[in-house]
Engineer: 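Here you go, one structure.
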Amino acid sequence: MSSRKIVIAGASDAGFKIALAAHAAGHDVTLVDEHPQALKDMSFDAPWFYGAGLPSALMNDNSIAQSVLEASPQLMECIEAGIDVRVSTVLWGAFRNGPNCLHVGRPKVGLVTREGNEILEHDALIIATGVRDFVPSFKGWELPGVLGGKAGLALLDLYQVFEGKRVVVLGSDELALRVVRSARERGVEVAGIVEPGESVVAGPEAAAWLAAQDIPVHLGQVIAEAIGKTAVTGVKLVSLDNRPSEEIACDTVAVAIATLPNIELPAAMGCEMHYVADAASWIPRTTAQGETSLEGVFWLSDAGGGNGDLHTAILDRIGGAERDSRVTAAPSRKVSATGYITSWIDALHKTGGDDVVLCQCETVSRAEFCGLAPPQYLGKSLRHPQTPLNHGDDATAPRINQDFMKRMTRVSMGHCQGKRCRDEAIFALSLRFGIGLESIRPASYRFPLRPIDLTLIADDDETDDIRLNWQMWPYETRQG
Amino acid sequence: MQSYDIIVVGAGILGLSTAYRAQKAGAKVLVLDAGATAYEASSRATGYLSLRGETPAESPLAQEAEKLWDGLDDELGYPTEWTQKGRIWAALDEHEFADLQKLYRTFQKTDVPFEFLDGATMRKMIPCLSERCLGGIWTNRSGHANPQRTSQAFGWAFTDLGGEIREYTPVLEVLVEAGKVKGVRTPQGEIHCGNVALCAAAHNPLLLKPFGIHFPLAPVRLEALVTTPMPPLFEQAFIGNGLSIRQTKRGNIHMNGGPYEWINLEIGREAAKPTTQTVRNIMRRAIETMPVLKGAQFLRCWAGIVDIAPDQMTTIHRFDSPEGLVTAACSGHGFGMSPAVGVAASELLMNGATRMPIEQLSLDRFRDTPSDWRERRRWEAGQYNT
Ligand SMILES: Cc1cc2nc3c(=O)[nH]c(=O)nc-3n(C[C@H](O)[C@H](O)[C@H](O)COP(=O)(O)OP(=O)(O)OC[C@H]3O[C@@H](n4cnc5c(N)ncnc54)[C@H](O)[C@@H]3O)c2cc1C
């Protein structure tokens with residue numbers, strides 16, 4: 001088997017494992033991960049939602065790098081094995097020849113760090129980008145102290161700079177329980193768990209453990225508001241059956257409801273996607289060899305990506321085995337993320353009302369979004385009310401187009417490019433207009449996968465060929 | 001089967017503008033699109049109104065468009081972000097300066113007041129403009145708007161009047177009986193009508209081919225990007241250093257420019273429009289042009305397809321045979337032209353004639369264009385930067 005150049009995007013558990021396997025099989029592997037992120041990038045809340053309250057200790061790059069190494073034996077193992085590991089490196093784009101695009105040459109990824117950028121050519125790309133936080137809107141969710149479950153775990157375990165003393169956790173599935181355990185291990189008090197359902201989602205054993213630890217579980221309730229002037233000082237809860245509302249003092253609200261797969265890269269590359277209810281997400285269709293609709297581009301989901309047999313099949317394929325075009329089903333989960341997220345959003349929207357800010361970047365409320373209101377800075381309104389519904393002859397066609405909603409309202413069009421709000425926006429539309437999630441065309445993902453300073457990736461080594469042949473539409477062409 | 005006076009093929013800005021005018025004039029109009037409303041070029045454009053100094057023969061139509069733009073928000077009832085602050089073509093090197101001087105001589109054949117300015121005067125107008133700017137062309141006429149909002153404004157104004165848009169309904173064929181348009185065929189069946197307007201951009205030639213009609217249009221893919229919002233820098237529609245650069249009302253900086261790739265299309269199918277690593281070259285040029293953009297962040301990039309005729313002019317044509325058929329396409333400047341094209345195309349459909357100045361814009365001018373014109377021009381699919 002000949003050695004291939006393989007780029008692996010994402011040092012997730014699956015990413016580490018396949019990196020080691022590919023390296024052992026004799027391939028030339030580069031493993032890329034954006035963590036630890038620059039502070040500025042963390043403020044975009046992607047993929048982990050840190051919110052506005054980033055601990056100042058994160059400024060110390062060296063000690064952060066040290067903590068990350070200590071907290072991640074897999075990372076050490078990859079480095080020691082001699083794998084080309086690029087941390088704090090954003091893979092911002094991937095480019096390849098394909099229909100209507102024949103001049104890229106070998107497949108390329110664009111990498112960027114705080115120091116500069118590189119275009120890296122390769123034979124195969126394995127996407128193991130893991131998951132991101134799902135954090136829905138509620139009153140006060142922009143306050144410092146509100147963060148996502150993955151962000152909380154990163155601050156607690158990976159960077160070890162968690163500043164909170166008392167945390168309220170939203171959600172009661174595995175993710176929430178992990179946050180509770182990590183918080184307790186670091187001496188952070190857990191002031192309570194909030195769950196709209198009637199029981200702890202992680203199961204009776206988890207419920208018994210929480211009871212034994214004296215951690216109050218607030219069932220049948222959701223958050224009404226994160227209270228505080230400049231930072232969170234508490235939460236106000238609201239019950240779904242009109243019991244009196246409660247307030248709990250805390251300095252952190254960990255929103256550990258769910259995570260969603262990081263699909264930006266395959267989606268922006270144009271991999272064929274399908275809606276998977278269990279994952280509450282569109283994900284790439286893959287073959288038994290983990291290959292997406294794009295040849296040489298592989299997808300390892302967070303749920304099934306650690307599987308060694310799958311890794312062998314991927315590496316065989318990269319090594320030259322025939323493409324096995326049978327499509328595999330996505331691995332199923334214990335709790336359907338779609339159902340659970342829907343229960344949260346339904347409860348939050350019913351109790352929280354319409355004027356809660358849905359899009360933080362552009363300050364747009366739920367009502368403005370669903371009513372297609374033009375952004376306030378235009379100072380203009382719609383002559384007649386409009387609806388986002390598409391009535392067509394084709395029953396298989398999308399009934400709502402999220403790109404259209406975005407273009408009209410600017411929700412998901414700001415700095416974070418929808419990393420905070422795009423998922424909630426789809427659930428909100430689905431609930432409000434009674435349209436299935438799979439009948440909503442999700443907003444398109446585009447490169448770059450993270451906002452990047454122009455100077456960091458502007459091409460300094462432009463060739464004469466590009467320079468001299470640069471033409472421009474529509475005002476000029478060289479007459480042949 | 002329900003029947004319509006007019007079926008418009010394509011819910012891009014030209015189709016929607018045509019449909020709006022026709023519905024307003026009393027016709028019963030249906031717009032069909034293979035995909036979603038304004039999902040192709042019309043939502044991917046930078047947003048300038050070109051006054052056609054480049055092709056003076058169509059400048060009168062562009063100036064009609066300009067008049068319509070000035071009242072468009074009120075006409076339609078939905079914001080377009082029209083910003084009437086003039087246009088600038090700036091040269092950053094000697095080569096570009098010479099090109100602009102040549103272009104200026106063409107511009108002077110229009111009755112738009114263009115002026116040639118030196119670099120210092122340009123920098124007074126746009127303080128963030130590079131020291132390297134040697135000068136260029138300016139006019140206080142024209143401006144820019146938001147393509148996505150404007151397309152939808154036409155769409156909403158049209159449906160407010162009772163017009164109907166069906167998305168994801170590609171037209172596979174225009175149906176003709178006894179030399180007259182009878183309707184269209186879609187995967188969901190036939191839909192009947194007395195007139196058809198083909199506003200399907202570079203798909204127009206494919207739908208006309210069965211009638212032996214040759215509409216020379218070459219599709220080309222080009223790339224654009226947008227940055228995070230910046231403080232107010234300039235309001236003019238700016239062209240220079242190989243880029244169009246516009247600042248939106250929100251503050252984002254939009255830009256597009258070469259490189260580009262010639263492609264082919266298939267009837268009723270959305271064409272792939274990937275972006276490439278050359279967005280980095282666009283960024284480099286942007287920084288050269290306005291060094292302040294170093295401080296901006298690259299937010300998003302996309303590609304779109306533009307439909308270029310051999311002479312890069314707009315085409316609006318009413319056919320004698322088959323009867324009841326009109327087509328329009330704008331060679332990559334259809335966004336700005338759209339208000340006037342809609343008036344012209346709808347009047348041609350309903351009255352057989354129009355008050356718009358389109359005498360030189362019919363297909364007749366291509367009578368002698370050879371069928372292998374793309375090959376000769378090196379504009380065939382796969383060719384790059386030619
Ligand atoms: C990057 C970029 C920048 C640009 N900048 C400017 C600018 O600054 N100023 C300017 O004036 N112009 C600009 N343009 C050009 C401008 O966008 C187009 O000229 C204009 O949008 C054309 O409108 P249209 O309605 O003809 O085409 P489109 O918007 O492409 O609409 C055509 C529609 O027809 C549909 N269709 C195709 N085939 C079928 C079928 N068989 N059945 C049903 N529907 C079909 C398509 O789905 C599509 O929606 C730019 C274009 C690009 C890509």
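Everything quoted here is computed from the prediction, not taken from an experiment.
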Engineer: Heavy-atom cut-off 4.5 Å, strictly under: side chain, backbone, both or neither for Thr227(B) against chain A?
Structural biologist: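 Side chain only.
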Engineer: For Asp74(B), is it the side chain, the backbone, both or neither that has a heavy atom under 4.5 Å from a heavy atom of chain A?
Structural biologist: backbone
Engineer: Does any heavy atom of chain A fall under 4.5 Å from the side chain of Asn281(B), the backbone, both, or neither of them?
Structural biologist: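 The answer is both parts of Asn281(B).
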Engineer: Of the backbone (N, CA, C, O) and the side chain (C-beta and beyond), which part of Ile287(B) lies under 4.5 Å from a heavy atom of chain A, both, or neither?
Structural biologist: side chain
Engineer: Within the side chain of Arg284(B), is there an N or O that forms a donor-acceptor pair under 3.5 Å with the backbone of Asp459(A)?
Structural biologist: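 Indeed, once roles are kept as given, a pair shorter than 3.5 Å links the two residues.
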Engineer: How about Arg269(B): does its CZ atom have over 12 heavy atoms from other parts shown lying under 6.0 Å from it?
Structural biologist: no
Engineer: Judged by modelled atom types alone, do Arg166(B) and Asn390(A) share a side-chain donor-acceptor pair under 3.5 Å?
Structural biologist: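 No, no side-chain donor-acceptor pair sits under 3.5 Å.
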Engineer: Of the backbone (N, CA, C, O) and the side chain (C-beta and beyond), which part of Ala38(B) lies under 4.5 Å from a heavy atom of chain A, both, or neither?
Structural biologist: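 The backbone, not the side chain.
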Engineer: Show the numbers, then the answer: is there a side chain to side chain contact (heavy atoms under 4.5 Å, CB included) between Thr275(B) and Phe95(A)?
Structural biologist: CA-CA 7 Å; Thr275(B) 52; Phe95(A) 310 102; 4.1 Å; yes
Engineer: Any chance you could lay out the side chain to side chain contact (heavy atoms under 4.5 Å, CB included) test for Lys406(A) and Gln148(B), step after step, and finish with the verdict?
Structural biologist: CA-CA 10 Å; Lys406(A) 183 184 89 173; Gln148(B) 301 172 341; over 6 Å; no
Engineer: Run the numbers on Glu362(A) and Arg250(B) for side chain to side chain contact (heavy atoms under 4.5 Å, CB included), then give the verdict.
Structural biologist: CA-CA 10 Å; Glu362(A) 301 288 317; Arg250(B) 175 69 175 90; 2.6 Å; yes
Engineer: At a heavy-atom separation under 4.5 Å, does Leu76(B) approach chain A through its side chain, its backbone, both, or neither?
Structural biologist: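 When you check distances to chain A, only backbone atoms of Leu76(B) fall under 4.5 Å.
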Engineer: Starting at NZ of Lys40(A), measure out to CD of Gln297(B) and round the result to the nearest 0.5 Å.
Structural biologist: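 Here the rounded value is 4.5 Å.
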Engineer: Tell me if a side-chain donor or acceptor on Asn100(A) pairs with a main-chain N or O of Lys273(B) at a distance below 3.5 Å.
Structural biologist: no
Engineer: Any side-chain heavy-atom pair from Pro229(B) and His415(A) closer than 4.5 angstrom?
Structural biologist: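 SC-SC contact between Pro229(B) and His415(A) confirmed.
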Engineer: Only pairs of heavy atoms separated by less than 4.5 Å count here; which of Ser43(B), Ala286(B), Gly295(B) has the most with chain A?
Structural biologist: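 It is Ser43(B).
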Engineer: At a heavy-atom separation under 4.5 Å, does Val279(B) approach chain A through its side chain, its backbone, both, or neither?
Structural biologist: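 Only the side chain of Val279(B) comes within 4.5 Å of chain A.
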Engineer: If every non-hydrogen atom of Val104(A) is compared with every non-hydrogen atom of Thr276(B), which pair is closest and at what distance?
Structural biologist: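 Taking Val104(A) first and Thr276(B) second, the nearest heavy atoms are CG2-CG2, 3.9 Å.
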Engineer: Is Arg441(A) positioned over the aromatic face of Tyr39(B), cation under 6.0 angstrom from the ring centre and no more than 45 degrees off axis?
Structural biologist: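 That pair qualifies as a cation-pi contact.
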Engineer: Against chain A, label Glu223(B) side chain, backbone, both or neither, depending on which of its atoms sit under 4.5 Å from a heavy atom there.
Structural biologist: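 No part of Glu223(B) comes within 4.5 Å of chain A.
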Engineer: Answer with side chain, backbone, both or neither: which region of Asn252(B) has an atom nearer than 4.5 Å to a non-hydrogen atom of chain A?
Structural biologist: side chain
Engineer: How about Phe404(A) and Thr37(B): do any of their side-chain heavy atoms sit closer than 4.5 Å?
Structural biologist: no
Engineer: Side chain, backbone, both or neither: which part of Ile165(B) has a non-hydrogen atom closer than 4.5 Å to chain A?
Structural biologist: backbone
Engineer: To the nearest 0.5 Å, how far apart are CZ in Arg446(A) and CH2 in Trp302(B)?
Structural biologist: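 The CZ atom of Arg446(A) sits 9.0 Å away from the CH2 atom of Trp302(B).
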Engineer: So which of Leu449(A), Asp403(A), Val109(A) has the biggest tally of heavy-atom pairs under 4.5 Å with chain B?
Structural biologist: Asp403(A)
Engineer: Is it true that, when you exclude Glu142(A) itself, more than 12 heavy atoms of the residues, nucleotides or ligands shown sit nearer than 6.0 Å to its CD?
Structural biologist: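 Counting neighbours around CD of Glu142(A), more than 12 heavy atoms of other residues, nucleotides or ligands fall under 6.0 Å, so yes.
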Engineer: Could you report the tightest heavy-atom contact between Cys101(A) and Pro274(B), atom names first, then the distance?
Structural biologist: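 That would be CB-CG, 3.5 Å.
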Engineer: Report yes or no: does Glu261(B) contribute a side-chain atom to a donor-acceptor pair with the main-chain N or O of Leu102(A) at less than 3.5 Å?
Structural biologist: yes
Engineer: What part of Asp453(A) gets within 4.5 angstrom of chain B, counting heavy atoms only: side chain, backbone, both, or neither?
Structural biologist: both
Engineer: Does some side-chain heavy atom of Lys380(A) sit less than 4.5 Å from a side-chain heavy atom of Asp73(B)?
Structural biologist: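 Yes. Closest side-chain heavy atoms under 4.5 Å.
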Engineer: For Arg383(A) and Asp160(B), what are the C-alpha separation, side-chain angles and deciding distance, and is it a salt bridge (charged side-chain N to carboxylate O under 4.0 Å, His left out)?
Structural biologist: CA-CA 9 Å; Arg383(A) 180 172 285 169; Asp160(B) 284 349; over 6 Å; no
Engineer: Tyr377(A) versus chain B, heavy atoms under 4.5 Å apart: side chain, backbone, both or neither?
Structural biologist: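 Contact with chain B is through the side chain of Tyr377(A) alone.
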Engineer: Checking heavy atoms, do the side chain of Arg221(B), its backbone, both or neither come under 4.5 Å from chain A?
Structural biologist: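 It is the side chain, since no backbone atom gets that close.
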Engineer: So, for Ser381(A) and Pro79(B), which heavy atoms are closest and what is the spacing to 0.1 Å?
Structural biologist: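 So the two residues come closest at O-CD, 4.0 Å.
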Engineer: Gln152(B) and side-chain contact (heavy atoms from CB on, under 4.5 Å): which single residue from Arg407(A), Met408(A), Gln386(A) fits?
Structural biologist: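 Considering Arg407(A), Met408(A), Gln386(A), a side-chain contact (heavy atoms from CB on, under 4.5 Å) with Gln152(B) is found only for Met408(A).
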Engineer: Roughly how far apart are Gln277(B) CD and His103(A) NE2, rounded to 0.5 Å?
Structural biologist: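 Rounded to the nearest 0.5 Å, the CD-NE2 separation comes out at 11.5 Å.
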Engineer: At a heavy-atom distance under 4.5 Å, which candidate from Arg96(A), Arg450(A), His384(A) has the highest pair count against chain B?
Structural biologist: His384(A)
Engineer: Do you know which of Pro375(A), Pro448(A), Gly270(A) has the most heavy-atom pairs with chain B at a distance under 4.5 angstrom?
Structural biologist: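 With the most close heavy-atom pairs to chain B, the winner is Pro448(A).
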Engineer: Out of curiosity, Phe298(B) CZ to Ile452(A) CD1, how far, rounded to the nearest 0.5 Å?
Structural biologist: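 Answer rounded to 0.5 Å: 6.5 Å.
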Engineer: For the side chain of Arg280(B) and the backbone of Gly110(A), is there at least one donor-acceptor N/O pair under 3.5 Å apart?
Structural biologist: no
Engineer: Relative to Trp470(A), does Arg285(B) satisfy both conditions: NZ or CZ under 6.0 angstrom from the six-membered ring centre, and within 45 degrees of the ring's axis?
Structural biologist: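 Yes, cation above the ring, under 6.0 Å and within 45°.
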Engineer: Mind ranking Leu299(B), Asn385(B), Ile263(B), Thr228(B) by heavy-atom pairs under 4.5 Å with chain A and telling me who comes out on top?
Structural biologist: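 Option with the greatest count: Leu299(B).
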Engineer: Please identify, among Ala397(A), Pro99(A), Pro398(A), the residue contributing the most non-hydrogen atom pairs under 4.5 Å to chain B.
Structural biologist: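 The answer is Pro398(A).
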Engineer: Before giving the answer on side chain to side chain contact (heavy atoms under 4.5 Å, CB included), spell out for Met283(B) and Ile457(A) the whole-Å C-alpha distance, their side-chain angles and the decisive distance to 0.1 Å.
Structural biologist: CA-CA 8 Å; Met283(B) 284 178 241; Ile457(A) 57 169; 3.6 Å; yes
Engineer: Any sub-3.5 Å donor-acceptor pair from Tyr168(B)'s side-chain atoms to Thr396(A)'s backbone N or O?
Structural biologist: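 The answer is no, because no donor-acceptor pair under 3.5 Å joins these two groups.
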